[in-house]
Trainee: 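One structure, pasted below without further comment.
All of these numbers come straight from a predicted model, not from anything done at the bench.
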Amino acid sequence: MTIMSWLVAFVFALLNAGNTLYGILAFFGVCFAHLATNIFDDYFDYKALIKQVGFNKKEYLKNSQRTKCRYIISGRMKTKEVLALALLYATAAVCIGLFLYFKCGIGVLYFALIGGIIGISYSFLSKIRLSELAVALAYGPALFGGVYYVMTKTFSKEVLILSVPTMFITVVLLYIHTIMDYEYDINEGHNTIANTFKSRLNSLVVLKWLLIAAYLSLILLCIFDILDWQVFFVYLTIPLAVDLYKSLEEYSKNPESVPSHKWYHFPMENMMNAPNFMIRIYQARNLMIYFSLILTTAMILSLM
């Protein structure tokens, strides 16, 4: 998700005479920040889990989602090692940020602060129904604005508008994860937008509007004369979005159901012994990839 969002912002800045080297450095900085956020999230989630009354590692490993803090709970890594790794990634991101700050100006600090605050507080925000907002800010204005700034040394309203479609389609990935984790999140004390609804099926109304918003927001790129009609090539991915929605609808009725693995769902690499979960995650991920690649291609056709 980070790579695809960065690609859209990078190509737009490049087509506006942006600095290629600084854009690539920003890519590594954003990736290190993302990795640090993921690991900090696992670290704090683990700390919260072991404080629960009656928590039993063996029973949890039998019943939990296969990837949630599993490498910590199973003893493959110690908590000190996890924290050290997160700090290492964060330090790498800070070093790149400092270099770009001295080369590009004060604007880097503003975007880095937004990203840093979101990264540090994400584990807390995910427990109070703000994870979608955090991801929207991180993958929207913070990432797009930051990449564009380091490449052009200017702020741009256009790039913020450009970020809106991919921002929505990225939030879709997070949201379907919370739909499928509906019961796990309730049991583990995570308050999400999805589990404010009485059931998974009811929570799909938000998914529907996120998908609609992603496709409708493409019109803004024409209204504000950012891109031309080629942007509507992205609508070729609508069947994938409909397919994803139907797949989540099926999951909401029967979590054990496994959707048909069709050729246009590729790539789908590791099912982790949970095809009912992973195929849907890959569907959402691949939708975002196709969405971003076609948008990038449309941008090149419009601006070259």
Side-chain angles (χ1 to χ4, degrees), residues 1-16 18 23-24 26-27 29-31 33-34 37 111 114-115 118 122 131-152 155-177 206-245 281-303:
M1 299 305 96
T2 295
I3 294 169
M4 289 297 106
S5 296
W6 168 85
L7 179 65
V8 178
F10 174 77
V11 171
F12 185 72
L14 204 61
L15 293 170
N16 284 279
I24 293 172
F27 166 74
V30 171
C31 284
H34 186 171
T37 300
F111 293 111
I114 295 171
I118 291 171
Y122 182 78
S131 54
E132 283 84 2
L133 177 62
V135 167
L137 289 174
Y139 282 90
L143 191 152
F144 275 71
V147 170
Y148 189 86
Y149 181 84
V150 300
M151 291 180 69
T152 64
F155 296 99
S156 168
K157 291 181 181 178
E158 289 186 344
V159 80
L160 298 183
I161 297 170
L162 177 65
S163 75
V164 174
T166 56
M167 177 189 76
F168 277 123
I169 212 72
T170 301
V171 172
V172 163
L173 175 63
L174 172 66
Y175 189 71
I176 71 156
H177 201 295
V206 176
L207 175 61
K208 181 188 295 184
W209 283 107
L210 284 172
L211 289 168
I212 290 171
Y215 287 100
L216 286 182
S217 61
L218 291 166
I219 299 171
L220 295 175
L221 305 183
C222 292
I223 292 174
F224 289 95
D225 199 27
I226 299 168
L227 300 179
D228 293 330
W229 60 269
Q230 292 92 337
V231 72
F232 296 115
F233 283 135
V234 179
Y235 284 177
L236 292 171
T237 63
I238 287 178
L240 294 177
V242 173
D243 192 36
L244 174 64
Y245 182 84
I281 286 291
Y282 290 143
Q283 280 182 272
R285 181 200 65 180
N286 294 347
L287 171 63
M288 196 278 179
I289 291 173
Y290 299 142
F291 189 102
S292 301
L293 288 176
I294 295 174
L295 179 58
T296 302
T297 303
M299 188 189 312
I300 294 170
L301 293 174
S302 295
L303 299 179

Trainee: Does Q283 form a side chain to side chain contact (heavy atoms under 4.5 Å, CB included) with L240? I'd like the steps, not just the answer.
Mentor: CA-CA 8 Å; Q283 280 182 272; L240 294 177; over 6 Å; no
Trainee: Side-chain contact, heavy-atom cut-off 4.5 Å: F155 with F111?
Mentor: yes
Trainee: To the nearest 0.5 Å, what is the distance between CG (L303) and CD1 (I226)?
Mentor: 10.0 Å
Trainee: Exactly one of L211, I176, L173 should register a side chain to side chain contact (heavy atoms under 4.5 Å, CB included) with L287. Which one does?
Mentor: L211
Trainee: For the atom pair NE2 (H34) and CG (L143), what is the distance rounded to the nearest 0.5 Å?
Mentor: 10.5 Å
Trainee: Out of L221, L7, T237, I169, which residue meets the side chain to side chain contact (heavy atoms under 4.5 Å, CB included) rule with L295?
Mentor: L221
Trainee: Are T166 and M4 side-chain neighbours, meaning at least one heavy-atom pair lies under 4.5 Å?
Mentor: no
Trainee: Taking S302 for its side chain and D228 for its backbone only, find out whether a donor-acceptor pair lies under 3.5 Å.
Mentor: yes
Trainee: Is there a side chain to side chain contact (heavy atoms under 4.5 Å, CB included) between F27 and I3 once you walk through the steps?
Mentor: CA-CA 8 Å; F27 166 74; I3 294 169; 3.6 Å; yes
Trainee: If you define the side chain from C-beta out and look only at heavy atoms, does anything of E158 sit under 4.5 Å from L162?
Mentor: no
Trainee: Can T2 and Y139 be counted as having a side-chain donor-acceptor contact under 3.5 angstrom?
Mentor: yes
Trainee: Would you compute the distance between atom CG of L174 and atom CG of L210 and round it to the nearest 0.5 angstrom?
Mentor: 9.5 Å
Trainee: Can you check whether V171 reaches L133 side chain to side chain, under 4.5 Å on heavy atoms?
Mentor: no
Trainee: Side chains of T37 and I118, heavy atoms from C-beta outward: is any pair under 4.5 Å?
Mentor: no
Trainee: Between the side chain of S292 and the main-chain N/O of I289, is any donor-acceptor distance below 3.5 Å?
Mentor: no
Trainee: Report the distance from atom CZ of F144 to atom CD1 of I161, rounding to the nearest 0.5 Å.
Mentor: 12.5 Å
Trainee: Using ring-ring contact (aromatic ring centres under 6.0 Å, His included) as the criterion, list what pairs up with F12, not counting sequence neighbours.
Mentor: Y148
Trainee: Under the side chain to side chain contact (heavy atoms under 4.5 Å, CB included) criterion, do Y215 and L218 qualify, and how do the steps go?
Mentor: CA-CA 6 Å; Y215 287 100; L218 291 166; 4.2 Å; yes
Trainee: For F168, enumerate each residue passing the ring-ring contact (aromatic ring centres under 6.0 Å, His included) test, keeping only those at least two apart in sequence or located in another chain.
Mentor: none
Trainee: OG of S163 to CG of L137: how many Å apart, nearest 0.5 Å?
Mentor: 10.0 Å
Trainee: So which of V231, I294, V8 actually passes side chain to side chain contact (heavy atoms under 4.5 Å, CB included) with M299?
Mentor: V8
Trainee: Report yes if the side chains of W6 and V30 come closer than 4.5 Å at any heavy-atom pair, otherwise no.
Mentor: no
Trainee: With side chain to side chain contact (heavy atoms under 4.5 Å, CB included) as the criterion, how do S217 and M167 come out once you've worked through the C-alpha distance, each side chain's angles and the decisive distance to 0.1 Å?
Mentor: CA-CA 10 Å; S217 61; M167 177 189 76; over 6 Å; no
Trainee: Could you check if a side-chain atom of F232 sits within less than 4.5 angstrom of a side-chain atom of C222, using non-hydrogen atoms only?
Mentor: yes
